[in-house]
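Below is one structure, written out as structure tokens; the observations come after it.
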Amino acid sequence: MSAAGRTPLLEVRGLTKCFGGLVAVSELDFDLYPGEILGLIGPNGAGKSTTFNLIAGAHTATEGTMTFDGERIDGVPPHRIAARGIMRTFQHNMPFAGMSVADNVLVGTHCGLSGGKSGVGLLSVLANTPAARAAEARARAKAEELIEFVGLADERGTDVTSLSFGQGRLLETARALAGDPKLMLFDEPAAGLTPAECVRLAVIIRSIAARGIAVLLIEHDMHFLLRLAQRVVVLNFGCKIADGSPEAIRADPAVVEAYLGEAGALASVAEGSHAQA
């Protein structure tokens, strides 16, 4: 994807994170654009999860800067990162047990109801004013639209503990979307899914990007990622060793050596992928 004439949504420059004497991420640079699907790959311990945690505010960078939608976010706490429009999913589903699918998704709209994008303050919510009731109605309508979007309409009233693992992944996605993100961080979204569920998830992620939302995803399933991402950043020992199209990444000798350890392995993943949607 060409970035000519476009302004990055996320700009990462010189990002470094040290844990004592361990350098988990070192001088990382990359850009991410609205509506782009960017994959972040590398062997175990390459710094992928640390990078995610830095962007989401769970870790504070040792050095470097991150600029999101024109504003610096390095050092900003997670709740303020989320309020600015960065939402994430996790490797393990984390639903609110004992609640329905619809109510779980509704939780994702809480920033709006507490005085964020809705313009309704906390006191109005507590007093159940007409404005607060109208804001809640809008939130419920949004939750219903997102439940339909991810294909869980038949499960809207189901207790989340009854969902399959794959349905739980879709619930996590809908709940993150409920926060009106500009950037979605997916942490190994295909892990534990069947081939058919991976195809369905790929369609949903492409549809998210088509809405103009940027997508950054970590994924070990190369069949899934290289058929889905428009651009790929490769990390090894915390350093970026490649940044380019999936085709360029497959052909990069440094990537093959560092990431997969055998010639031709990246090329082989393009065949027989189960993410062909």
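All values below come from the heavy atoms of this structure, side chains included, with hydrogens, waters and symmetry mates left out. These numbers come from a predicted model, not from an experiment.
A side-chain contact (heavy atoms from CB on, under 4.5 Å) with Ile86 is found for one member of Leu9, Leu216, Ile73 and no other, namely Ile73. Checking each of Val234, Leu225, Leu235, Val232 against Leu40 for a side-chain contact (heavy atoms from CB on, under 4.5 Å) leaves exactly one that passes, namely Leu235.
Glu145 is linked by a side chain to side chain donor-acceptor pair (under 3.5 Å) to Arg211, counting only residues two or more places apart in sequence or in another chain. Among residues two or more places apart in sequence or in another chain, the side chain to side chain contact (heavy atoms under 4.5 Å, CB included) test is passed with Arg13 by Glu11, Asp29, Asp31, Thr65. Arg80 meets the side chain to side chain donor-acceptor pair (under 3.5 Å) test with no other residue; sequence neighbours excluded. Here Lys17 pairs with nothing under the side chain to side chain donor-acceptor pair (under 3.5 Å) rule; sequence neighbours left out. Applying the side chain to side chain contact (heavy atoms under 4.5 Å, CB included) rule to Cys239 yields the partners Ser26; only residues at least two apart in sequence or on another chain are considered. Scanning for salt bridge (Lys or Arg N to Asp or Glu O under 4.0 Å) contacts around Arg169 gives an empty result, with sequence neighbours left out. The salt bridge (Lys or Arg N to Asp or Glu O under 4.0 Å) check on Asp159 picks up nothing, with sequence neighbours excluded.
Within the structure, salt bridge (charged side-chain N to carboxylate O under 4.0 Å, His left out) contacts touching residues 53-74 (residues at least two apart or in different chains) are Asp69-Lys182, Glu71-Arg84, Arg72-Asp74. Sorted by first and then second residue, the ring-ring contact (aromatic ring centres under 6.0 Å, His included) pairs with a member in residues 51-78 read Phe19-His59; sequence neighbours excluded. Residue pairs meeting the ring-ring contact (aromatic ring centres under 6.0 Å, His included) criterion with at least one member in residues 147-188, sequence neighbours excluded, do not occur. Among residues at least two apart or in separate chains, salt bridge (charged side-chain N to carboxylate O under 4.0 Å, His left out) pairs with a member in residues 92-110 are Asp103-Arg140. For residues 85-96, the set of pairs meeting the salt bridge (charged side-chain N to carboxylate O under 4.0 Å, His left out) definition, not counting sequence neighbours, comprises Arg88-Asp187.
Between the Arg227 side chain and the Phe224 main chain, no donor and acceptor come within less than 3.5 Å of each other. Checking side-chain atoms of Glu188 against main-chain N and O of Ile218 turns up no donor-acceptor pair under 3.5 Å.
Within the 4.5 Å cutoff, side-chain heavy atoms of Ile205 are placed close to those of Leu228. Between Ile208 and Thr173, some side-chain heavy-atom pair lies under the 4.5 Å cut-off.
The pair Arg200-Glu197 fails the salt-bridge criterion, with no side-chain N (NZ, NE, NH1 or NH2) lying under 4.0 Å from an Asp/Glu carboxylate O.
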